[in-house]
Amino acid sequence: NSSSHEYLEFEGGVNFGDFIIKWLTFWVAYSHLIPISLYVALEILKIGQAVLIHFDAEMYYLPLDKRATARTSDLIEELGQVEFVFSDKTGTLT
């Protein structure tokens, strides 16, 4: 019953231009928001990838009996950016 609730009255029609402006306003206002669940899912995937690196048989160094160790969750992202690996005479990688 809109006669007792004046705020429910809608005067005028909805045109396509108003819809587009409201949709663009919504898109601009909320496009920078990323759900927390997406961040959580990405961190879980990074941890899973670190576990896979740890148990990868091809990344095992037999003379020292050591496995690869991922000490950061961003290791996969950083490995994808490596173009050159340099080493000095002591074997230090840079």
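Note that the structure is a prediction, hence the values are computed from the model and not measured. Throughout, residue positions are numbered sequentially from 1 according to the sequence presented. Any value given below was found using the heavy atoms of this structure, including those in side chains, with hydrogens, waters and symmetry copies removed.
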Only counting residues at least two apart or in another chain, list the ones meeting side chain to side chain contact (heavy atoms under 4.5 Å, CB included) with [X].
X	answer
Thr69	Arg71
Leu24	Ile20
Ala41	none

Would you say Phe16 and Trp23 are hydrophobically clustered, going by side-chain heavy atoms of ILVMFWY under 4.5 Å?
-> yes
Is there a path from Ile36 to Ile44 through hydrophobic residues (I, L, V, M, F, W, Y) whose side chains come within less than 4.5 Å of each other?
-> yes
Any chance you could measure Asp56, atom CG, to Arg67, atom CZ, to the nearest 0.5 Å?
-> 9.5 Å
Kindly compute the distance separating CD (Glu43) from CG (Leu38), expressed to the nearest 0.5 Å.
-> 10.5 Å
Can you name the ring-ring contact (aromatic ring centres under 6.0 Å, His included) partners of Phe55, sequence neighbours left out?
-> none
Which residues share a ring-ring contact (aromatic ring centres under 6.0 Å, His included) with Phe26, sequence neighbours left out | Tyr30
Between side-chain atoms of residues 75-86 and protein atoms elsewhere (two or more places apart, or another chain), which donor-acceptor pairs fall under 3.5 Å?
unit_1, atom_1, unit_2, atom_2, d
Glu77, OE2, Lys46, NZ, 3.1

Quick one: list whatever passes side-chain hydrogen bond (donor to acceptor under 3.5 Å, both in side chains) with Thr90, sequence neighbours left out.
-> Asp88, Thr92
Trp27: which other cluster members, linking ILVMFWY side chains closer than 4.5 Å, directly or transitively?
-> Val28
